[in-house]
Amino acid sequence: MMTLIDDLRRLVGDRATDSSSERLCYSRDASQVRGLPDCVVRPLNAIEVSEIVRLAGRLGVPVTPRGAGTGLAGGAVPVSGGILLDLSGMDRILELDLDDLQVQIEPGVIPERLNWALKEHGFFFPPDPGSSAMCTIGGMIANNASGMRCVKYGTTREHVLDLEVVMADGRVIHTGSRMLKSSAGYDLTRLMVGSEGTLGIITAARLKITPLPRARRLIAASFSTAEAGARAVIEAFSAGIVPSACEILDRTTLSVLSRCNPNLALPKEWDLILFEVDGTEQSTAEEAEKIVSACSSAIAVRIASGKEEMEEIWAARRLVGAAVSRLDSTLSRVYLGEDVGVPISQIPALIARVERIAEEAGIPAMKYGHIGDGNLHAALFIDITDEDRWRALERAADRIHLAALDLGGTVSAEHGIGLARARYMERQWGEGLDLMRSIKRALDPQGILNPGKLGL
Amino acid sequence: MTEELDIREILKCVRCGTCRSVCPVFRELGWESTSARGRLMVAGHLLDGGLPDEAALASLRSCTTCAICREICPAEVDSPRLIEGARRELSSRGLLSEAQLKLKTRIQATGNSLGEARDRLAWMTEKEVPDRAEAVYFAGCLNSYRYPQVAAKTLSIIKPLGVTVLKNERCCGSPLLRTGIAPDTIDHNLEQIRATGAETVITGCAGCYTTLKKDYPPEFEVLSLSEFLEEHISDLKLEPLDITVTYHDPCHMGRHNRIFDPPRRVIEAICNLEEMKGNREEARCCGGGGGVRSGYPDLSLRMARRRLEDLPSNVETIVTTCPLCVKNLSDAGGKAIDLIDLVAQALPEHARGSGSSPGH
C-alpha cells in the first residue's frame with residue numbers, strides 16, 4: 001500500500017521525510033503551541049506545491065505552510081498533523097524592477113537579504129520585524145507582520161502588490177498585478193495577507209519598494225508618566241510629523257536594561273519615548289525640533305544624530321527581548337499576551353492594567369512597544385520548570401488580552417493569531433468571524449489548509 | 001546522563017530561530033534539524049530518554065561547533081557545549097559513527113588522528129633540541145604529518161626564543177573530545193610536558209589550542225603561536241613584503257578563545273591585510289571542525305567553498321592559524337597558508353633556515 005511519504009517522495013524525492021526527529025524539529029515555532037506533522041516536505045516551486053496540495057486534497061490530509069518557524073502564536077505549527085510544507089528553501093529574488101518600484105520574490109526570502117540587495121540601489125522594503133535576520137517574507141505576508149518603522153511606512157500589507165497563491169484545489173492564481181494601484185474588483189491580495197495559510201499557499205510575491213531616506217535623527221524623551229509620553233506622541237502627530245519610529249520603554253524595562261548594561265545611555269527613572277524621523281538633513285532637523293516642542297512636558301529630551309549614538313540607543317532597545325534571562329538564568333521570557341494593541345490614546349491605560357495584572361500574578365513584566373501605532377509588547381518572565389508559575393502566567397496573559405479588547409484594541413497587532421490567540425477571535429470579531437468562516441468554507445471546503453488556526 | 005546536557009540550559013532556547021541566520025551547516029542543508037535550534041530540540045529529546053533515529057544522529061554529528069550561533073543567540077545559549085554533551089551521551093550509549101570508530105581505533109593504535117605509523121618527529125630539521133626549556137612547541141597531528149614544513153618552520157623560528165618540543169607527543173585529544181569521546185592520550189602528553197619543565201605550551205593548531213587550554217589541567221600557560229610571535233615580534237627582525245593577504249579566523253582561535261588581534265598584528269607587521277566579508281566574531285566556519293570533515297566530507301567542502309566567497313576582491317592568499325582550516329580551504333580551491341609561512345617569507349635572508357622554503 002502506498003503511504004503518504006511514498007506519494008510525497010514520488011513528487012519531490014528526498015526533499016520529503018517522515019523521520020521522527022525531523023518531525024519533532026518542525027513541531028514547534030517560537031510559541032508554546034505544539035503539533036507533530038506526519039511528514040515534512042521542502043518544495044522548490046509552485047508546481048510542486050500545487051501537486052502536494054492536490055495530493056493532500058485527494059487524501060484529505062492537512063497541509064500547514066511554514067517559513068522560518070519564528071512565529072509567536074503557533075501559526076506554522078501543524079496542530080492536526082498531516083503535511084508540513086517548509087517553504088524556506090524557495091528563497092530566490094526573482095526580479096528587481098527598480099523603474100517600477102517593485103521586486104518579485106519567492107516566499108522563503110529573508111527580509112534582511114532582500115534589503116542588502118536593494119541597498120546598493122538606494123531602495124528598501126520597509127516592514128522590519130525584530131526577526132528580520134531570519135524570518136521569511138512569506139511568513140510576514142501570512143501574518144501581516146510589521147515592526148518599528150511601520151508607523152510611517154505601513155505594515156506588510158501596504159507593500160504587497162501581487163501574490164501567486166496555490167489554492168486548496170491546487171489551482172495557481174494571482175491576486176494582483178504589477179500595478180501600484182488598481183480599482184478592479186475584490187482585493188484578493190489583502191484577503192490573503194494575514195490569512196496565515198488558511199486560504200492558500202503563497203508561492204511568490206510582488207512587493208512595492210521604497211527609496212531609502214538619506215538622514216535619520218533620534219529623539220529620546222523621558223516622562224514622569226506614560227500618559228504624558230502618550231500625549232507627546234499625539235501632539236507630535238498633530239504637529240504634522242510622521243515619525244519613522246515611535247517607541248515606548250517603561251521604567252521597569254529601562255531598569256532591567258541598565259542592570260544588563262550599566263553604561264546604558266538612557267535615563268532609567270522615568271518612562272521613555274523614542275522618536276525617530278527620517279528624510280533629508282534639513283527635514284529631519286526641522287522635524288526633530290518640532291518633536292522637542294511636542295515634548296514640552298518631558299523631564300529630559302535628547303537629540304541624537306550621530307550614527308554611533310543612535311546605534312547605541314537602538315542596541316539597548318533590541319536587547320529588551322532577552323534581557324531578563326541574562327540577569328537571572330532561571331527566568332525565561334514566555335511569549336504570551338505579548339502583542340496586544342490599542343488606540344494610541346489608550347496606551348497609558350493599557351500599561352497601567354498590565355502593571356496591575358502582572359503585580360497580582362507576582363510576575364515581573366517589562367512593557368515596551370510601538371506606541372506610534374498603539375502596539376504594546378508585555379514581556380513576562382517566569383521559571384518555566386515551575387508549573388504553578390505557568391498557570392499564573394497563562395491567567396495573566398488571558399487578562400492582558402481581555403484588557404486590550406476592553407480598551408477597543410486587538411489581541412495581536414503584528415504577531416498573528418495562530419492557535420495561541422484563536423479563542424479571542426469570537427470576542428474580537430463577533431459576526432465578522434462568521435463571514436471569515438464563510439470565506440474559508442468557500443475557498444477550502446475540505447478544510448485542509450492549516451486547520452485549527454484563526455479560531456475558524 | 002552527562003552533566004553538560006542540562007535541561008535548563010536547553011530550555012533557555014526560546015526557538016526564536018536567530019541561529020538559522022548564521023549556522024553554516026543549516027545554510028547548506030536547510031532542514032530544521034541542522035540548525036542550532038533543531039539540534040537543541042533533538043538533544044532535549046535525547047535527554048528525555050528518546051531513541052535517536054538517523055536524522056537525529058546526523059543532526060548532532062553535523063555541527064562543526066563553530067559557535068557562531070552562540071555569538072548572536074539573544075538568550076546566550078551555549079549550543080556547541082550542549083551539542084558536545086549530546087555527543088557524549090550518544091557515545092555513552094555506544095552510538096558511534098563509522099568515522100568516529102575509525103578515529104578512535106587510529107588514535108589508540110598510533111597516537112595520532114591520521115593513523116600514521118611513521119615517526120611523529122620526522123618533520124624535525126633542527127635535530128638538536130634541549131630536554132628542558134621554558135616553553136614547549138606542541139605541533140599537533142596535522143602539522144606533524146600533513147604539514148611537516150609548517151612544523152619545521154615554526155620550530156626553527158621559535159627555538160632560539162627558548163622553545164623545545166615533546167619527545168613523544170601524541171594527539172591532544174581534540175578530535176575525540178569534539179565528537180563526544182573521552183581520549184586516553186591526555187595523561188601521556190601531560191607527563192611529557194611536565195618532563196620538559198616548561199611553563200608555557202605553544203601551539204599553532206586551533207584544535208590543539210582549545211583542548212590544551214580547556215580540557216587539560218591548568219598547570220601551564222597555553223599560547224597560540226600567533227600570540228607568541230606577537231610577543232617576540234621585534235626579535236624576529238621581519239622585513240616588510242609588498243603583498244596583500246586576508247585572514248581567516250579559525251573558530252577555535254577566534255570565537256572560542258577570542259584570539260582575534262595577535263595574528264592580525266603579526267600580519268600587519270609584514271604586509272597589507274584586507275579583511276574577509278565575515279571576520280573576527282562573524283567569521284564563517286571553513287566547515288572542517290567538530291568532526292564534520294571526517295564524518296561529512298562533501299558537506300565540509302561545500303562550507304569551505306562558501307567561505308571562499310567571502311574573500312575580498314583581488315586578494316588571493318588566505319592566512320590562517322589552523323592546519324585544518326588550511327587543509328579544508330585548500331581542498332576547496334583556496335590559496336590558504338599558515339601564519340608561519342608568511343612569517344618565514346619575511347625573515348631576513350640569513351635567518352631563513354632549512355625549514356623555511358616557501359610552500360609545503
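Labels below follow one simple rule: chain letters A, B, ... track the order of the sequence lines, proteins then strands, and each chain is numbered from 1. Remember, it's a predicted structure, so these values are computed and weren't measured experimentally. Side chains are part of it too, since the values below use all heavy atoms of this structure and drop only hydrogens, waters and symmetry mates.
- Comment: B:Arg307 engages B:Asp310 in a salt bridge, judged by a side-chain N to carboxylate O separation of less than 4.0 angstrom.
- B:Arg37 touches chain A through its side chain: at least one heavy atom from C-beta onward sits under 4.5 Å away, while N, CA, C and O do not.
- At a 4.5 Å heavy-atom cutoff, A:Val334 makes no contact with chain B through either its backbone or its side chain.
- Within the 4.5 angstrom heavy-atom criterion, only side-chain atoms of A:Ile384, from C-beta onward, approach chain B.
- Remark: the A:Glu414 side chain and the A:His377 side chain contain an N/O donor-acceptor pair separated by less than 3.5 Å.
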Worked check of side chain to side chain contact (heavy atoms under 4.5 Å, CB included) between B:Cys73 and B:Lys12
CA-CA 10 Å; B:Cys73 177; B:Lys12 268 168 73 181; over 6 Å; no

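- Proximity to chain B (any heavy atom under 4.5 Å) is shown, for A:Ser131, by neither the backbone nor the side chain.
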Intermediate values then yes/no, side-chain hydrogen bond (donor to acceptor under 3.5 Å, both in side chains), B:Ser62 and B:Arg39
CA-CA 10 Å; B:Ser62 62; B:Arg39 292 188 174 101; 3.0 Å; yes

What do the steps show when you test B:Ser33 against A:Glu22 for side-chain hydrogen bond (donor to acceptor under 3.5 Å, both in side chains), and what is the final call?
CA-CA 6 Å; B:Ser33 66; A:Glu22 203 62 66; 2.5 Å; yes

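- By number of non-hydrogen pairs under 4.5 angstrom with chain B, the leading residue of A:Leu72, A:Asp86, A:Asp383 is A:Asp383.
- B:Leu29 touches chain A through its backbone: at least one of N, CA, C or O sits under 4.5 Å from a heavy atom, while the side chain does not.
- Comparing A:Ala133, A:Ser27, A:Gly130, A:Ala68 by heavy-atom pairs within less than 4.5 Å of chain B, the highest count is held by A:Ala68.
- Only the side chain of A:Arg66 comes within contact range of chain B, judged by heavy atoms closer than 4.5 Å.
- Using a 4.5 Å cut-off between heavy atoms, A:Asp91 does not touch chain B at all.
- Evaluated for a side-chain contact (heavy atoms from CB on, under 4.5 Å) with B:Thr34, the options B:Val42, B:Leu299, B:Val25 yield exactly one hit, B:Val25.
- With no hydrogens or angles considered, no side-chain donor-acceptor pair links A:Arg23 and A:Thr17 at under 3.5 Å.
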